[in-house]
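Have a look at the structure below before the remarks.
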Number of protein chains: 2
Amino acid sequence: MQRPKYDASRYERPSVTVDMVILTLRDEVLQVLLVKRKVWPYKNRWALPGGFVRMKESLEQAAIRELYEETHVKDVYLEQLYTFGNPKRDPRTRVITVAYCALVRSEDLRLSADTDVSDVRWFPVPSLPRPAFDHGEILNYAVARLQNKLLYTNIAFQLLPDLFTLTELQNTYAAILGKPVDKRNFRKKILSSGVLEETSSRKQDGRHRPARLYRFVKEKELEGLIFPKKR
Amino acid sequence: MQRPKYDASRYERPSVTVDMVILTLRDEVLQVLLVKRKVWPYKNRWALPGGFVRMKESLEQAAIRELYEETHVKDVYLEQLYTFGNPKRDPRTRVITVAYCALVRSEDLRLSADTDVSDVRWFPVPSLPRPAFDHGEILNYAVARLQNKLLYTNIAFQLLPDLFTLTELQNTYAAILGKPVDKRNFRKKILSSGVLEETSSRKQDGRHRPARLYRFVKEKELEGLIFPKKR
DNA sequence: ATTGTTAGTGTAAATATGACACTTAATTGC
DNA sequence: GCAATTAAGTGTCATATTTACACTAACAAT
């Protein structure tokens with residue numbers, strides 16, 4: 001027991017925020033939502049949206065609230081990523097941030113800027129301005145986790161509409177993994193995994209041969225394991 | 001922007017603690033360190049060791065400090081697990097806890113109790129008293145993560161001494177996974193993965209045929225991927 | 001009817017996994 | 001020294017998974 005019994009610094013409390021990595025797929029590219037800061041520090045730099053955790057809300061409620069404030073979406077995929085607590089990560093004061101990742105469908109979004117930001121925008125993940133604070137690190141962490149989860153879960157359906165073609169799904173995988181995906185092997189794997197339900201409709205995109213539309217099987221959305229097939 | 005501009009509750013701050021899941025292998029059984037609480041709430045119940053994050057230390061530093069206070073070990077494997085923030089998880093006040101997992105070698109331990117606990121003890125993970133707070137949930141999370149990481153990383157060496165036999169290593173896997181491991185398949189896999197270095201010495205445990213001693217290859221300790229072999 | 005474009009389909013080789021039983025080398029007790 | 005005991009150490013085969021790879025089918029536009 002090395003602790004002094006009355007040490008005022010033991011009762012100083014760091015603040016806690018949640019920061020949101022909000023990802024979506026636009027033009028078949030993975031994009032992240034950033035807000036432009038109006039004030040010091042990192043004035044005019046782009047940052048992850050986020051805010052303080054209030055006294056009576058859970059971390060997840062705080063994340064849902066922040067997400068709704070920025071994008072007006074509810075009921076989306078939300079996952080806690082990691083907690084960043086370097087004492088110097090915010091030059092104002094000690095702020096510990098719990099990072100969350102949200103995956104949203106681009107079709108049901110209405111962006112809105114917070115009071116202390118001057119702009120809100122989607123940025124393609126491969127070409128970003130360098131974000132404020134340690135938000136670049138947080139974003140990298142989120143993308144790495146998403147890439148990883150893509151390989152053994154259903155997570156991709158969070159980014160796609162109810163009905164989609166196999167090519168759209170394949171392109172989603174390729175976009176997130178950042179590398180091409182073999183068409184035949186992809187189809188073999190995903191179809192034999194049983195997470196997809198074939199529909200009778202086809203996508204009439206106009207010019208070419210119409211593609212069959214699929215949807216994710218409802219019961220499989222939550223359990224999530226695709227690839228390692230049980231024997 | 002739905003936020004009222006001056007809302008005092010926005011400036012109330014939750015406290016932040018780190019809670020430690022300290023795991024070791026004793027008698028070839030996975031064991032966790034718990035402390036017995038002296039005071040309300042959960043007086044006389046067993047809990048994970050932990051404490052407040054101080055103003056000027058990182059989360060990891062706080063975890064290292066707590067770990068040292070309880071066990072006097074340094075330089076062990078430490079990993080952030082998850083952050084638990086349910087507003088009701090502590091009946092006294094709002095406490096957000098960042099859970100860390102530490103893996104220690106049982107041979108270099110000197111346990112010591114904190115001021116606000118009456119006892120410190122190892123408990124075999126399969127047979128525990130029900131812990132205080134949400135610490136049961138935290139512990140389950142830690143064990144699930146460890147089991148998972150065992151399958152694709154080197155993490156087991158954190159629990160073993162420098163030199164060990166293949167049977168000891170196999171028993172470690174079996175103890176953590178909670179199920180038997182096939183001897184020949186295990187040896188085939190672990191030897192072909194290249195993480196082990198054969199030594200010329202053998203373990204003279206007395207009674208029987210002496211077993212060859214191995215150690216983990218130093219450079220491989222950190223990268224960690226064992227099983228999915230790259231092509 | 002021809003052209004352009006994307007959808008859709010199968011096979012074979014290499015690799016990884018999982019089940020399974022006997023021999024070897026030491027100690028102990030007689 | 002010899003037999004009994006105990007844990008160490010070792011290999012094969014069947015099956016499942018992964019990967020590489022190229023052509024035909026269906027529709028729209030002209």
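- As judged by a 4.0 angstrom heavy-atom cut-off over every strand, A/Thr165 is placed among residues making no nucleic acid contact.
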I'd like to compare against my own output: the B/S/- annotation of nucleotides 22-30 of chain D with a strict under-4.0 Å heavy-atom distance to protein. B--BBBS--

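- Atom CG of A/Asn185 and atom P of C/dT11 are 14 Å apart (whole Å).
- Formation of a donor-acceptor pair under 3.5 Å by the A/Thr24 side chain with backbone atoms of A/Val104 is found in this model.
- When ring centroids are compared, A/Tyr214 and A/Phe164 stay outside the 6.0 Å threshold.
- Take the nearest nucleotide of DNA chain D for B/Leu166 and for B/Lys188: the residue whose nucleotide is more 5' is B/Leu166.
- Judged by distance alone, the side chain of B/Thr97 and the main-chain N or O of B/Thr83 form no donor-acceptor pair under 3.5 Å.
- OP1 or OP2 of D/dA8 sits under 4.0 Å from a side-chain N or O of B/Thr167.
- In this model, a donor atom of one side chain and an acceptor atom of the other lie less than 3.5 Å apart for B/Thr167 and B/Arg187.
- Taking the nucleotide of DNA chain D with the nearest heavy atom to each of B/Glu168 and B/Asp182, the more 5' of the two is matched to B/Glu168.
- A donor-acceptor pair under 3.5 Å is formed between the side chain of B/Arg105 and the backbone N or O of B/Phe157.
- The phosphate of D/dG9 (OP1 or OP2) has a side-chain N or O of B/Arg187 nearer than 4.0 angstrom.
- For the pair B/Lys189 NZ and C/dT17 C1', the computed distance is 7 Å after rounding to whole Å.
- Although no hydrogens or angles enter the test, the distance criterion places a donor-acceptor pair under 3.5 Å between the side chain of A/Arg145 and the main chain of A/Leu81.
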